[in-house]
Amino acid sequence: MIRVNPATLWHRALQRLELLPIDVVARVWLRTARLMPVAPARESPATTGETEALSFWLLVPDALACALIQQQCQPAIEQALAELVQQPVTLRVVAANDAPREAHADEEMEMAAMEDRQRITETFVARHSRNDSTPPSPYYDYDLPSKPPVHAPHDSTLPGSLAGGTLSWEQESAGAMPNRLNPRYTFDAFIVGNSNRLAHAASYAVAEAPGEAYNPLFLYGGVGLGKTHLLHAIGHKGAQAGLTVLYVSSEQFTNEIINAIRYRTTEEFRAKYRSVDILLVDDIQFIAGKESTEEEFFHTFNSLYEMSKQIVICSDRPPKAIVSLEERLRSRFEWGLIADIQPPDLETRMAILRVKADMLHYPVPDEVIAYIASRVQTNIRELEGCLNRLMAYQQLHRTELTLDVARAAMSSLGNGAREVQLSGRQIAQAVADYFHIPLEAMCGKQRDKQIVIPRQIAMYLIRQETQLSLLEIGQLFGGRDHSTVLHACEKIERAMQLDPGLRRDVVAIRELLLPR
Ligand SMILES: Nc1ncnc2c1ncn2[C@@H]1O[C@H](COP(=O)(O)OP(=O)(O)OP(=O)(O)O)[C@@H](O)[C@H]1O
């Protein structure tokens, strides 16, 4: 008998579900779902004489996914789980937004769960000999019959992760895979556009010649723009070449250090990190200010660097902007190449959506792709989420996927699509504020460059962000005709491909328009 945590259990259940004829949309949701154990009722099976059923919640992103999964595959999931734990299983599919409410609904159950988690953690700690470097699992564990041991995918013993609910599926499942690499994050699946060309080229060069091209490679960019994807892609290529690759988030690195200190296994820790050919570290900004983690990372870095081993680091900001990072680390991060990833332009967003839809064998009309891409501008994860939700919506309503259906789906999905009902005037005002020019001048007849370019940007953004016709937009700008507006929109669209400064301006104005 071995012990396995819910993430691993869910991973195995998904493997079983792969064999069943579940439709593509439900599959997409299942991959992003998270399994959570519910504490057993206090009355023990010994007193009732029955085999105790294990209870789980399956957390899915929203009510739509919840309905679809309940409708299409709940019994199959229960059966897969029951076969794995060899016990009856009861499952509740819950929309993640509702989960906290659910959790509070039965306080006694929650208390019992907490006590049990505590007890399990303590048991693990007690079982740990000093020489055993495996840290105690923070998860609620299950015994699974006769399979090779599965190590805890995540090493945290910090209270924040005790509930097992703070980690994303990707974080958990990545941990359950060899090298912690997500098989979907490859170079082949990465779409290159102006916004990420440098980061992609640098990553590819590093993967081709680790320790030679750029060392370290430091990638930075906003949320959901593909940094982790590139890290994993480098890892896959390195692993294919037979190199030892280790992907770690800075949180995991920190937790491992804490455990190494706690269980006096720092030698093993060092041996592990200093024996790799490629070290990939995600979200490095989180080590800033953590003294012993920074110290250990400094030595790890030096040791790998001296041996010409490749180090790739990701962050949401450039080294200079990581406040409270030790100077000696900051300067090392700047030794190699620093490459940024900007939010993708419209064309890249459309290409990404097209590839993702094709990967799901899901036919989506071009106009729908263009529509989604125009609604979500700054985060590719959100872009993917919109596509998934749209597919689920269409599937549930059993209707053809048209632009009108896409519009209806996006507005019914509310904040999932970050839909903002902006007026043309609001957008024009934001552009005028951004360029520090009076709104009246921008909407008037002046033709000097400082006014004309902001005016064209405003027309472009209004066209993208509202349902106003070319004629109506023209009226906002002193009664200009529709061809003038069309020309402005096309000009800005083209210029954004060539001029990163202009693209940054447009992205920054869009950011200003998003709800806070
Ligand atoms: N250029 C791209 N082509 C295809 N998919 C992409 C691209 N960029 C991002 N993605 C997808 O978007 C999702 C989010 O990407 P990823 O997790 O790598 O972002 P990140 O920058 O690491 O975000 P965070 O800062 O939140 O960790 C992933 O599913 C990834 O595959």
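Any value given below was found using the heavy atoms of this structure, including those in side chains, with hydrogens, waters and symmetry copies removed. Start at 1 and go down the list; that is how both ligands and their atoms are numbered.
- The N/O atoms of I380, backbone and side chain alike, include none that comes under 3.5 Å of an N/O atom in ligand 1.
- Atoms of ligand 1 lying under 4.0 Å from any heavy atom of G222, numbered from 1 in the order shown and given with element: 21 (O).
- Between D283 and ligand 1, a contact under 3.5 Å exists for no N or O pair.
- No salt bridge links R463 with E493; every basic N to acidic carboxylate O contact stays at or beyond 4.0 Å.
- Listed by atom number, the atoms of ligand 1 under 4.0 Å from A189 heavy atoms are 3 (N), 4 (C).
- Residue R381 holds the heavy atom nearest to atom 14 (C) of ligand 1 of all those in H232, E382, R381, M359.
- In this structure, D316 has no heavy atom closer than 4.0 Å to ligand 1.
- Using cut-offs of 30° and 60° for the angle between ring planes, the Y305 and F301 rings count as parallel.
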Contacts table for residues 315-323: side-chain donor-acceptor under 3.5 angstrom, sequence neighbours left out:
unit_1: S315; atom_1: OG; unit_2: Q285; atom_2: OE1; d: 3.3
unit_1: S315; atom_1: OG; unit_2: R317; atom_2: N; d: 3.1
unit_1: S315; atom_1: OG; unit_2: R317; atom_2: O; d: 2.9
unit_1: K320; atom_1: NZ; unit_2: E334; atom_2: OE2; d: 3.2

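- Residues F187 and H236 keep their aromatic ring centres 6.0 Å or farther apart.
- Of all heavy-atom pairs spanning Q310 and E212, the tightest one is OE1-N, 4.2 Å.
- Distances between N or O atoms of H229 and those of ligand 1 include at least one value under 3.5 Å.
- At a 4.0 Å heavy-atom cut-off, ligand 1 touches K356 through the side chain alone.
- Only the side chain of N196 comes within 4.0 Å of ligand 1, judged by heavy-atom distances.
- Look at R381 and E384 and you find no salt bridge, because none of the NZ, NE, NH1 or NH2 atoms lies under 4.0 Å from a carboxylate O.
- Any N or O atom pair closer than 3.5 Å counts here, and V223 shares no such pair with ligand 1.
- Look at E367 and R407 and you find no salt bridge, because none of the NZ, NE, NH1 or NH2 atoms lies under 4.0 Å from a carboxylate O.
- At a heavy-atom distance under 4.0 Å, atoms from both the backbone and the side chain of I191 approach ligand 1.
- By the 3.5 Å distance cut-off applied to N or O atoms, G224 is counted among the residues near ligand 1.
- Side chain of R34 to main chain of L59: no donor-acceptor pair is present (N/O by atom type, distance under 3.5 Å, no hydrogens or angles).
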